[in-house]
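Note that the numbering runs from 1 along the sequence shown for the chain. It should be emphasised that the depicted structure is a prediction, and the values quoted were computed from it without experimental measurement.
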Amino acid sequence: MPDGPPSAVAALLSEAGADRQRVRAAIVAHVGDRSAEATTLADRDAEDAAALKAIGIDLDAVRAAIEENFGAGSLHLPQPAPKKKGIFGRFSAGSSHIPFSPRAKKVLELSLREALRLKHNYIAREHIMLGILREGEGLAALILTELEVDTTRLRADLTAALSSRAA
């Protein structure tokens with residue numbers, strides 16, 4: 001999350017007992033800490049570089065020589081050819097389109113309904129949180145339940161925050 005003043009949703013969640021640290025700890029408890037994977041890969045690269053240096057090979061010099069002779073990016077693996085799906089191949093593997101899960105689609109649909117209910121012509125973070133609360137399943141709802149957040153009060157506070165913003 002970006003630094004700076006917390007959003008209305010973050011402030012309301014924090015007041016309800018679901019601050020950033022507690023939510024992060026709950027996510028890690030459920031799905032594990034994925035940030036460790038990047039650290040492990042960096043450690044392996046450092047170990048490889050140290051092993052090569054021990055036998056007199058400077059890895060950075062080798063990389064520079066390869067890129068000088070074969071061009072920038074020559075050490076990167078080529079991207080696989082995109083697989084076309086559908087009639088027009090719109091959703092190919094190489095595109096930037098990442099399909100939403102059915103639950104995410106449902107939450108976004110409910111967020112839109114919340115915005116329409118409040119007579120808003122936009123969807124803000126608060127609307128998405130209202131959609132998550134209304135959907136009531138998934139990891140977010142599970143964590144809010146585990147943290148004993150009063151979802152009825154949170155819903156009322158979110159609606160009030162949206163109403164005060166519109167006024």
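Here the CD-OG distance, from Glu135 to Ser111, works out to 10.0 Å after rounding to the nearest 0.5 Å. Taken from CD1 in Ile128 to CG in Leu110, the straight-line distance is 12.0 Å, to the nearest 0.5 Å. Distance CD1/Ile143 to CZ/Arg22: 11.0 Å, rounded to 0.5 Å. Between the CG atom in Leu142 and the NE2 atom in His30 there is a gap of 4.0 Å [rounded to 0.5 Å]. Between the CD1 atom in Ile132 and the OG1 atom in Thr151 there is a gap of 12.5 Å [rounded to 0.5 Å].
Proximity of Leu158 to Leu133: side-chain heavy atoms (C-beta onward) are separated by under 4.5 Å at one or more points. Taking the side chain as every heavy atom from C-beta outward, Arg134 and Arg113 approach each other to under 4.5 Å. Contact check for Val23 versus Leu13: no side-chain heavy atoms found under the 4.5 Å cut-off.
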Practice task
Test Glu114 against Arg155 for salt bridge (charged side-chain N to carboxylate O under 4.0 Å, His left out), laying out the working first.
Solution key: CA-CA 11 Å; Glu114 290 291 339; Arg155 175 178 255 303; 2.9 Å; yes
Practice task
Could you walk me through whether Glu109 and Lys105 pass the salt bridge (charged side-chain N to carboxylate O under 4.0 Å, His left out) test, one step at a time?
Solution key: CA-CA 6 Å; Glu109 177 187 329; Lys105 287 179 185 178; over 6 Å; no
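Residue Arg117 places its CZ atom among more than 12 non-hydrogen atoms of other residues, nucleotides or ligands, all under 6.0 Å distant.
Applying the salt bridge (Lys or Arg N to Asp or Glu O under 4.0 Å) rule to Glu126 yields the partners Arg165; only residues at least two apart in sequence or on another chain are considered.
Between Asp19 and Ser14, the closest heavy-atom pair is CB-OG, 3.7 Å.
Using a 4.5 Å cut-off between side-chain heavy atoms of Ile, Leu, Val, Met, Phe, Trp and Tyr, with links allowed through other members, Val9 and Leu139 fall into the same hydrophobic cluster.
Side chain of Ser163 to backbone of Thr159: a donor-acceptor contact under 3.5 angstrom is found.
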